[in-house]
Asks: 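Can you keep this structure in mind? I'll have questions shortly.
Quick note: numbers below take in every heavy atom, side chains included, and nothing from hydrogens, waters or symmetry partners. Remember, it's 1-based here, ligands and their atoms both numbered in the order they're listed.
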Amino acid sequence: MHVIATAGHVDHGKSTLVRALTGMEPDRWAEERRRGMTIDLGFAWTGLESGATVAFVDVPGHERFVPNMLAGVGPVPAAMIVVAADEGWKPQSAEHLAALDALGVRHGLLVVTRSDLAGPGPATTAALAEIAATSLGEVEAVAVSGVTGDGLPKLRSALDRLVERLPDADGDAAVRLWIDRAFTIKGAGTVVTGTLGAGTLRVGDELELTGSDRPVRVRGLQSLGQPASVVPGVARVAVNLRGVDKDTVGRGEALLTPGRFRPTELIDVRVHGDATVGLPSTLTLHVGSAAVPVRVRPLGPDTARLRLGRALPLRIGDRALLRDPGRHHVVGGVTVLDVAPPGLRRRGAAAARAAELDGMSGVADLAGELRRRRLAHRDELERMGVPLGEPVAGEWLADPAYWASLGSQLIGVVEDHAAKNPLETGIPVEELRHRLGLPDRELVTALVRSPLTVQGGRVAPGGRSLPAELVQAVEKAFEDSPPFVAPETYRLAELGLGARQLAAAVRLGLLVQLAPNVVLRAGAPAAAAEVLAAIPQPFTLSEARQALGTSRRVAVPLLELLDRTGVTRRLADDRRTV
Ligand SMILES: Nc1nc2c(ncn2[C@@H]2O[C@H](COP(=O)(O)OP(=O)(O)O)[C@@H](O)[C@H]2O)c(=O)[nH]1
Ligand SMILES: [Mg+2]
């Protein structure tokens, strides 16, 4: 299916033409029929010679209803511009064309209607010249009469040629259905309609609905008046939603694939059209079927920051339109450059940002995005519409230059910490994360390269020699003393071996600690086990003490340690066996 929007001045024959082409009534409201004037969007469709189906979104031409017109045109990629032969080019012909141009619509057709009332020549020449200067460029022109039916077969072939050229939609893309109508059907509940530009809707899908914090489920689908279980874009579609109150949903909201969009209230854009200097500070932004007031802050000659009155699910590269509702003036189109722009609090930040935006095209590219953000979560990039690449750790992607600099920074921090804390086995990962300003510990460990090591939640410099001073002090403490004799407390103090130093020596595998100030060399328990295995079994504490040549101060905790580690067993009479 293809979707084409009408465009043109009021009373030039748009609705009559759609009616003649489709046999359907695009003016849906009684008031529209009574006044003979389109007020809101109308929908009708027909099959073409080629077998293609084309659905029309018929728009109102009156200047008061331009916002309705924009809601219909916003999500549609092609237009049928209608000019009356007897009236020629008019103000709303111009405003509608300016809107199509601002939205970057590239495919279209000129229909000069009411050609039974006047020769179509002058209107055709004038309109083609206006259209040629826009994003539509050169278009085919057909003269018709919606009343006599003259020219309609030619128009149908021209429509076939037009839809033939329309780009195919990506059926796997994320769904963003801009809602243009919402109503209730007795027994079915809430129904919303829109033009699905890309992606695929299926009955049973769970979707996000902007402006609502609960997920919604697709209960039923209709396209061109027929029920369907699957509707791929491009399509006009009606979606019956479960669990949605009609009052909470309306035009300008959107149905979204979960997790693929992030509604944003702040965007940086390129403005195509009027210069940003001198723009009114408040304008209306039209995108998809939405219209929201925005505050405009010019940054460069053609770039600006927009603060939206309501969050919208926008992505990099989206086209939108700025309009001054007071002056009935389309200011220009905008291309979204950034949907999560940085704050501009520092002095000179706005100028720097303007320079940065100057180099941005509105085509989301990973390298550029990472260069600016340095580090980004996969989810965040995906929601902005940036194609993904290889993560550096978990779900994180990083700018290669930044990542390399983090690697060397990390080595510096680890070494600095080791120099200042010779008794610790490394810097805690969490502290390192904090010092490097990283959002996730996973990133820290991914940065650790040999010879650095991660152990027990700490990062240690590699090939680290034991702190010389500590080793020396420990050597001195045991100098000339028999293997199972612990140095006296005063001697440990003399050598500067306090509680912290002893704990470090234990961690480094130099000592074994039996009691607060009772330490032996690390190998002592194993050596004691050998000595005790060689004496008659079982043995008393006193016999063990004598065999080891030590005091009760050492023997008691040493035997308890051997008991605990299963080397010795303590019998009921307090004697032990190895
Ligand atoms: N003679 C003649 N009248 C037409 C033609 N097309 C539309 N009209 C008349 O022009 C008026 C406006 O038509 P309408 O389709 O409502 O215009 P719209 O505002 O562009 O939708 C109506 O009175 C139509 O009957 C045509 O081809 N020939
Ligand atoms: Mg009409």
Side-chain angles (χ1 to χ4, degrees), residues 3-46 54-74 76 78-100 105 108-124 126-127 130-131 139-159 180-181 193 195 236 251 289 328:
V3 182
I4 296 178
T6 61
H9 199 75
V10 63
D11 271 352
H12 276 204
K14 296 180 292 299
S15 302
T16 304
L17 184 61
V18 169
R19 209 176 286 125
L21 283 168
T22 65
M24 298 170 78
E25 177 52 63
D27 284 341
R28 295 173 292 122
W29 310 116
E31 187 192 352
E32 293 179 312
R33 295 189 205 155
R34 196 172 61 245
R35 291 168 65 180
M37 181 169 81
T38 310
I39 295 169
D40 204 351
L41 303 172
F43 308 96
W45 55 89
T46 185
V54 52
F56 293 98
V57 176
D58 185 37
V59 308
H62 196 282
E63 68 169 19
R64 270 181 47 213
F65 306 124
V66 169
N68 287 346
M69 179 271 180
L70 292 172
V73 167
V76 174
M80 183 164 77
I81 300 169
V82 173
V83 179
D86 57 325
E87 297 240 351
W89 197 250
K90 288 281 178 177
Q92 257 57 56
S93 317
E95 186 170 13
H96 283 196
L97 181 63
L100 297 174
V105 174
L109 188 64
L110 170 66
V111 186
V112 176
T113 186
R114 303 193 3 163
S115 58
D116 55 305
L117 298 180
T124 307
E130 299 285 344
I131 297 168
V139 298
E140 207 175 326
V142 186
V144 305
S145 166
V147 171
T148 67
D150 268 3
L152 286 183
K154 270 194 195 146
L155 174 55
R156 299 185 83 89
S157 335
L159 283 167
D180 49 35
R181 274 188 306 164
T193 71
T195 302
R236 283 295 309 169
R251 178 170 294 175
S289 61
H328 286 280

Asks: Between Thr16, Val10, Asp11, flag the one that comes closest to atom 25 (O) of ligand 1 by a heavy atom.
Replies: Thr16
Asks: I need the contact type for Leu117 against ligand 1. Using non-hydrogen atoms and a strict under-4.0 Å cut-off, is it side chain, backbone, both or neither?
Replies: side chain
Asks: Establish, from distance only, whether the side-chain atoms of Asp150 and Ser115 form a donor-acceptor pair under 3.5 Å.
Replies: no
Asks: Are any N, O or S atoms from Ser15 nearer to the Mg ion (ligand 2) than 2.8 Å?
Replies: yes
Asks: Find all atoms of ligand 1 within a distance of less than 4.0 Å from any non-hydrogen atom belonging to Thr113, and give their numbers and elements.
Replies: 27 (O)
Asks: For atom 9 (C) of ligand 1, which candidate among Arg114, His62, His12 holds the nearest heavy atom?
Replies: Arg114
Asks: Quick one: do Asp11 and Lys90 satisfy salt bridge (charged side-chain N to carboxylate O under 4.0 Å, His left out)? Show the steps, please.
Replies: CA-CA 11 Å; Asp11 271 352; Lys90 288 281 178 177; over 6 Å; no
Asks: Please write down residue, atom name and distance for the protein heavy atom closest to atom 17 (O) of ligand 1.
Replies: Gly13 N, 3.0 Å
Asks: For atom 16 (O) of ligand 1, what is the nearest protein heavy atom, given as residue, atom name and distance?
Replies: Gly36 O, 3.9 Å
Asks: What atoms of ligand 1 come within less than 4.0 Å of a heavy atom belonging to Lys14?
Replies: 15 (O), 17 (O), 18 (P), 19 (O), 20 (O), 21 (O)
Asks: By number and element, which atoms of ligand 1 are closer than 4.0 Å to a non-hydrogen atom of Asp116?
Replies: 1 (N), 2 (C), 26 (C), 27 (O), 28 (N)
Asks: Give the single entry among Gly42, Gly146, Pro60 that approaches atom 27 (O) of ligand 1 most closely by any heavy atom.
Replies: Gly146
Asks: Would you check if the Mg ion (ligand 2) lies under 2.8 Å from any N, O or S atom of Thr38?
Replies: yes
Asks: Which residue supplies the protein heavy atom nearest to atom 3 (N) of ligand 1, what is that atom called, and how far is it?
Replies: Val147 CG2, 3.4 Å
